[in-house]
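Here the structure is laid out as structure tokens; the discussion comes afterwards.
These numbers come from the heavy atoms of this one structure, side chains and all, not from hydrogens, waters or symmetry mates. Computed from a predicted structure; not experimentally measured.
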Amino acid sequence: MAAARTPSPVSHLSVPVSEESNAVLSIVIAMLVCLVLAGLVVVYVAYPHRGEKMPAAPWLGDALGKAADAVPVIDEDEADLLHSRSQ
């Protein structure tokens, strides 16, 4: 009589990768990126936008302040001009 073979434990752990699992993984990654960006916006509005220092990570507040200063903005006069042209 031949001894019964037991399956290797690795074969039970292997998960076939399908297109559905790739889609789910990409959605999860996209949601995590959205959550991180939303968190950075909340942190920016709570501290550097009001001119306060961040208590836990002042380097992050400095970086967010520099990034906000680097972004071009539309002045009120330019906004009025654009609004009058669109009408």
Side-chain angles (χ1 to χ4, degrees):
M1 289 185 92
R5 290 186 54 190
T6 58
S8 74
V10 176
S11 66
H12 293 316
L13 297 176
S14 63
V15 177
V17 178
S18 66
E19 290 182 24
E20 289 180 3
S21 62
N22 286 339
V24 170
L25 181 63
S26 63
I27 290 172
V28 167
I29 291 172
M31 290 301 296
L32 288 175
V33 169
C34 289
L35 286 173
V36 167
L37 288 175
L40 288 174
V41 168
V42 168
V43 167
Y44 173 73
V45 169
Y47 292 103
H49 182 67
R50 296 189 302 166
E52 296 181 14
K53 291 284 184 186
M54 288 184 58
W59 58 270
L60 181 60
D62 295 339
L64 289 173
K66 288 178 185 176
D69 291 339
V71 175
V73 294
I74 296 177
D75 294 328
E76 191 174 321
D77 297 333
E78 294 171 342
D80 291 340
L81 180 64
L82 289 172
H83 183 68
S84 65
R85 286 185 181 176
S86 66
Q87 291 181 348

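When all heavy atoms are compared, the tightest approach of P48 to V43 is CD-O, 3.4 Å. Closest approach of S26 to A23, counting heavy atoms only: OG-O, 2.8 Å.
Atom CE of M54 is separated from atom CG of D62 by 9.5 Å, given to the nearest 0.5 angstrom. One finds the CG atom of L32 at 11.0 Å from the CG atom of L37 (value rounded to the nearest 0.5 Å).
The cluster map of Ile, Leu, Val, Met, Phe, Trp and Tyr, joined by side-chain heavy atoms under 4.5 Å apart, puts Y44 and W59 in the same cluster. I29 and I27 fall into different hydrophobic clusters, where Ile, Leu, Val, Met, Phe, Trp and Tyr residues are linked whenever their side-chain heavy atoms come under 4.5 Å apart, directly or through other members.
E20 CD: 12 or fewer foreign heavy atoms inside a 6.0 Å radius. Y47 OH: 12 or fewer foreign heavy atoms inside a 6.0 Å radius.
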